[in-house]
Protein chains: 2
Amino acid sequence: MSQPTRERLLDAAQALLDDGGIEAVTLREVGSRAGVSHNAPYKHFASKEALLAAVAARELRQKAASFHGDRDQPAAERLRDSLHWAIARAVAHPNRFRLIYGRWPTDVAAELVRAAQEAELALIGLVAETQEAGALPAGAEPERLTAVLRAAVQGAAELAISGHLSLDGRARPEAVIDDLLTLLRGPE
Amino acid sequence: MSQPTRERLLDAAQALLDDGGIEAVTLREVGSRAGVSHNAPYKHFASKEALLAAVAARELRQKAASFHGDRDQPAAERLRDSLHWAIARAVAHPNRFRLIYGRWPTDVAAELVRAAQEAELALIGLVAETQEAGALPAGAEPERLTAVLRAAVQGAAELAISGHLSLDGRARPEAVIDDLLTLLRGPE
DNA sequence: ACCTGAACACCGTTCAAGT
DNA sequence: ACCTGAACACCGTTCAAGT
């Protein structure tokens, strides 16, 4: 109750999103759960879409903040942990994942990309370290190698969430990433 | 006009989806474009969701049908073409792509997975052929190698569509797949 | 500065009725 | 078998008004 209304609105929207998907997020229910009327959100957000964009941006910032890892661990392990963490997060909160990468007007999409930049740069650094440690091909540009890993993580997470990862539905998305890392490490 | 109403409803829904995203698909507009009333769709589909599921299934079947390729080409080229085609299709019709892999009740999701099985099996066969041709690691199980490639394709397409593929937005998703294929081919 | 209640246009769905 | 028009509950958004 001591939280400001804006934060309570964000929390309520996120909880509704997690529980019932995007169509469960109505301003009337958001307002009700935050203890205000159904149009009080308009005093804090320009529209329902702006409220959802704030939820998405908050999730992206939290993702970026978790990309530091133990400095004691080898780079290859930290990289693997980071990629696994991203997948676990997507599987744990699939509707947030869908929200972030869903359909947005261009200006909102640009803001979300900006919120993801910190995590992207941290990942590129981790990939470069792993290359130096000999656990990834040294010849490849870190940016391009990172793009390959990010695409695999994104796709494995989305296929797992939607049930398309394997025909029997038993394949685990983390195993796909482990296979990729093993294959990239090479035969030697 | 000679088309049955059911087909006209599907076409109208797909056109609205392509043009304005999922929120532009209203039964009133679908009916109007198909030349019927706003609730005539209920005589052909149980709900709006069932109509959208039929649009998604149709798109998936078309995807499967395009996975044969020229028998004259080497397997590695056919594989690369198939993966590029899947990405190009997603970029050309991003809202159909989002619809297919979006949030569905479990029974609908299962039906969509079934509609994608044919394409999945064809891809596994193509990967196995490419392994035999020496353009992919021979030691890996074709199913697991296919899962890696599918995840990368899915993720590269989604990141490209949402603008998250690269910070400057100039990276192309097809290049990510080419990089992956080159890396997997190995240093020899 | 922040909130409320009424109102408006729009939507998915149901239902009784029509051919 | 296929379709229509009215009706219902619900939604995002706007607006005048209140503290």
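All values below were derived from every heavy atom in this structure, side-chain atoms included, with hydrogens, water molecules and symmetry-related copies excluded.
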So which of B/Arg6, B/Arg33, B/Arg58 actually passes side chain to side chain donor-acceptor pair (under 3.5 Å) with B/Asp11?
B/Arg58

Show me the dot-bracket string of DNA chain C, counting Watson-Crick or G-U pairs under 3.5 Å, with | for pairs to another strand and [ ] for crossing ones.
||.|||||...|||||.||

How long is the line joining CZ of B/Arg6 and P of D/dC3, in whole Å?
12 Å

Walking DNA chain D from its 5' end, the first of A/Arg28 and B/Val36 to be reached, judged by nearest nucleotide, is B/Val36

Below 3.5 Å is the cut-off: list the nitrogen or oxygen pairs between protein and nucleotides 14-19 of chain D, distance only.
from	atom 1	to	atom 2	distance (Å)
D/dT14	O4	A/Asn39	ND2	2.8

In terms of side-chain heavy atoms of B/Ala40, which of D/dT4, D/dC11, C/dC3 is nearest?
D/dT4

How many Å lie between CZ on A/Phe45 and P on C/dC3, as a whole number?
11 Å

Name the nucleic acid region contacted by B/Val30, choosing base, sugar-phosphate or nothing; use a 4.0 angstrom heavy-atom cut-off, strictly under.
nothing

For the pair A/Leu27 and A/Asn39, evaluate side chain to side chain contact (heavy atoms under 4.5 Å, CB included) and give the outcome as yes or no after the intermediate values.
CA-CA 7 Å; A/Leu27 288 182; A/Asn39 49 17; over 6 Å; no

Can a salt bridge be assigned to the pair A/Lys63 and A/Glu59 using a cut-off of 4.0 Å between side-chain N and carboxylate O?
no

If only side-chain N and O atoms of A/His44 are considered, is one of them under 4.0 Å from the OP1 or OP2 phosphate oxygen of C/dA1?
no

Within the side chain of A/Arg8, is there an N or O that forms a donor-acceptor pair under 3.5 Å with the backbone of A/Gln3?
yes

Closest non-hydrogen contact found for A/Ala171 with A/Ser166 is N-OG, 3.3 Å

CG of B/Leu149 to CD1 of B/Ile177, rounded to nearest 0.5 Å, is 7.5 Å

B/Glu23 CD - D/dC11 P separation (whole Å)
17 Å

Let me know, please, whether B/Thr5 or A/Thr26 comes out on the 5' side of the other along DNA chain D by nearest nucleotide.
B/Thr5

Starting at CG of B/Leu112, measure out to CG of B/Leu99 and round the result to the nearest 0.5 Å.
8.0 Å

For atom CG of A/Leu27 and atom P of C/dC11, their distance in whole Å:
17 Å

Testing C/dT13, C/dC11, C/dC3 for proximity to the side chain of B/Ser47, the answer is C/dT13

Calculate the interatomic distance between B/Leu51 atom CG and C/dC11 atom P; express it in whole Å.
15 Å

Judged by atom type as modelled, is there a donor-acceptor pair below 3.5 Å linking the side chain of B/Gln131 to the main-chain atoms of B/Ala140?
yes

Given atom CD of B/Glu29 and atom C1' of C/dA9, what is their separation to the nearest angstrom?
15 Å

Scan B/Leu52, B/Asn95, B/Val55 and name whichever one has a side-chain contact (heavy atoms from CB on, under 4.5 Å) with B/Val25.
B/Leu52

